[in-house]
Amino acid sequence: MFSTNDTIVAIATPPGRGGIGVVRLSGPGAHAITLRLVTHNGSLRPRRATLTRIACTTDAAAAEPIDQVVVTSFPRPHSYTGDDVVEVSAHGSPVILRAIVEAAIDRGARLAEPGEFTLRAFLNGRIDLMQAEAVADLIDAVTPLQARAAFDQLEGTLTAAIAGLDAALFDLVARLEASVDFPDEGYHFVEPGALGRAIDDLAGRTAALLAGARRGQLIRDGLQIAIVGRPNVGKSSLFNALAGAARAIVTDVPGTTRDLVTEVVDLDGLRVTLVDTAGLRETSERVESEGVERARRAAAVADLVLIVVDEDEAELVGTKHLVVQNKADLERPSRGVRVSAVTGAGLDDLRRAIIAALDVEPVRDRPALTNVRHIALVERAHVALTRAAGAARRSMPEEFVLADLQDARAALEEISGRRASEALLEHIFARFCIGK
Ligand SMILES: Nc1nc2c(ncn2[C@@H]2O[C@H](COP(=O)(O)OP(=O)(O)O)[C@@H](O)[C@H]2O)c(=O)[nH]1
Ligand SMILES: [Mg+2]
């Protein structure tokens with residue numbers, strides 16, 4: 001269903017005006033179509049910038065140049081997509097960029113679907129599915145930490161880990177299959193003890209990947225921190241201080257905040273959604289009591305709860321929490337992390353304490369799972385491997401072990417995209433922007 005032998009074209013730079021705008025073509029006609037648009041004579045030297053002019057009217061004879069451009073040709077297979085690619089860098093005017101795209105379409109190209117350049121790179125074997133997903137993550141990243149995690153995956157750290165597992169599994173499966181094909185020999189090609197140990201080793205590797213998965217997922221998807229506590233302890237003040245903006249209303253009237261107020265902040269590289277909530281207290285006032293109910297729900301789903309205290313005791317909500325002693329500028333008991341939302345004292349300590357509580361610093365030299373799709377599939381592989389190891393140790397018929405190992409392989413191949421349905425590919429690439 002995916003067509004890959006025609007030439008696609010799209011604007012690769014974001015909508016709007018800018019110094020430069022890039023139009024990208026990919027496919028067998030990329031070079032020839034470009035030559036019919038520019039005034040440059042002769043072919044384009046591979047990977048060399050050529051300064052020329054571009055004319056975009058549909059009537060080639062009457063074509064007047066509309067911009068000076070730099071064109072670069074990347075002949076296959078050494079290009080982003082693996083097909084012939086030409087990049088046209090024009091001035092970043094939507095009018096010019098659209099005219100170039102239309103002229104290319106007029107000369108035989110087709111407007112690219114979202115993510116189609118990357119899809120072609122995947123279909124041509126330039127990158128695997130994890131790397132394609134990493135491209136989208138890299139573009140979507142809002143903090144440097146997210147970008148780093150995505151770039152690591154684009155560089156292939158995870159690809160190598162999954163490929164290594166898959167290769168080891170392939171070897172075991174091949175030997176077991178041979179064993180099944182010659183049933184008289186029993187466990188002939190693999191000795192059950194050695195088989196059990198080999199599978200245990202693989203299960204250990206999937207477990208290690210999963211161990212960093214929660215951290216990875218928090219980095220990729222961002223996380224929620226709810227600020228809760230009794231009325232008037234300074235929750236909204238702290239929220240504003242961490243957000244760096246007076247988003248929530250602050251008064252000395254208890255019960256000011258009713259609804260949830262949220263703000264996305266970059267907290268030491270983490271994408272954090274801060275949630276300010278209504279003060280927890282018994283109340284018969286309907287609006288406020290709905291607010292209290294919402295506060296409890298927000299605390300229940302948050303990745304971390306900041307329990308702000310003033311003079312009284314904290315009510316413990318949420319499993320993962322930090323106690324924050326606010327109003328440290330006044331005479332206050334000393335519990336948890338001491339801050340003053342008014343003077344800003346202690347806020348850096350609080351940020352550090354939050355990062356420590358979440359345990360989210362990525363480990364550079366270890367591949368990190370960040371994407372829920374990958375996590376679910378590695379879990380499936382891990383369960384299958386654990387089952388296979390048990391079956392091997394109990395010397396159950398090879399067929400049982402084999403079935404589990406094959407299930408583990410199927411899961412790994414779905415991660416890398418070696419075994420991916422068209423529906424899955426469509427789902428993944430629909431997330432991309434046009435031109436990527
Ligand atoms: N001195 C002092 N007053 C604070 C501090 N934080 C908040 N307040 C005051 O405490 C009152 C309640 O603050 P608010 O943020 O609305 O509390 P909330 O009800 O928990 O959201 C306001 O009068 C704030 O100015 C602080 O760190 N020091
Ligand atoms: Mg408040």
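When a ligand or atom number is given, it counts from 1 through the structure's own listing order.
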- Regarding D83 and N124, is there a side-chain donor-to-acceptor distance under 3.5 Å anywhere? yes
- Check whether the side chains of D128 and T159 place a donor and an acceptor atom closer than 3.5 Å, and report yes or no. yes
- Note on the structure: With sequence neighbours left out, the residues meeting side-chain contact (heavy atoms from CB on, under 4.5 Å) with Q68 are L51
- Would you indicate whether I249, at its atom CD1, is surrounded by more than 12 heavy atoms from other residues, nucleotides or ligands within a distance under 6.0 Å? no
- Examine R394 relative to F400 and say whether NZ or CZ is less than 6.0 Å from the centre of the six-membered ring and inside a 45° cone about the ring axis. no
- Query: Just checking, K436 and F429: is the charged tip under 6.0 Å from the six-membered ring centre and within 45° of the axis?
  - Reply: no
- Who pairs with T277 by side chain to side chain donor-acceptor pair (under 3.5 Å), at least two apart in sequence or on another chain? none
- Task: Find out whether V71 and I54 are in side-chain contact, i.e. whether some heavy atom of one side chain is under 4.5 Å from a heavy atom of the other.
- Result: no
- With a 4.5 Å heavy-atom cut-off, do I415 and L412 have their side chains touching? yes
Show me the short polar-atom pairs for ligand 1: any N or O of it lying under 3.5 Å from a protein N or O, with distances only.
| unit_1 | atom_1 | unit_2 | atom_2 | d |
| --- | --- | --- | --- | --- |
| ligand 1 | 1 (N) | D329 | OD2 | 2.9 |
| ligand 1 | 6 (N) | N326 | ND2 | 3.0 |
| ligand 1 | 10 (O) | K327 | NZ | 3.1 |
| ligand 1 | 15 (O) | S236 | N | 3.4 |
| ligand 1 | 15 (O) | S237 | N | 2.8 |
| ligand 1 | 15 (O) | S237 | OG | 2.5 |
| ligand 1 | 16 (O) | T251 | N | 3.4 |
| ligand 1 | 16 (O) | T251 | O | 3.2 |
| ligand 1 | 17 (O) | G234 | N | 3.1 |
| ligand 1 | 19 (O) | N232 | N | 2.9 |
| ligand 1 | 20 (O) | V233 | N | 3.3 |
| ligand 1 | 20 (O) | G234 | N | 2.9 |
| ligand 1 | 20 (O) | K235 | N | 2.7 |
| ligand 1 | 20 (O) | K235 | NZ | 2.7 |
| ligand 1 | 21 (O) | S236 | N | 2.9 |
| ligand 1 | 21 (O) | S236 | OG | 2.9 |
| ligand 1 | 27 (O) | N326 | OD1 | 3.2 |
| ligand 1 | 27 (O) | K327 | N | 3.4 |
| ligand 1 | 27 (O) | D329 | OD1 | 3.4 |
| ligand 1 | 27 (O) | S340 | OG | 3.2 |
| ligand 1 | 27 (O) | A341 | N | 3.0 |
| ligand 1 | 27 (O) | V342 | N | 3.3 |
| ligand 1 | 28 (N) | D329 | OD1 | 2.8 |
| ligand 1 | 28 (N) | D329 | OD2 | 3.3 |

- Query: Near the Mg ion (ligand 2), which protein N/O/S atoms are found at less than 2.8 Å?
  - Reply: S236 OG, T257 OG1
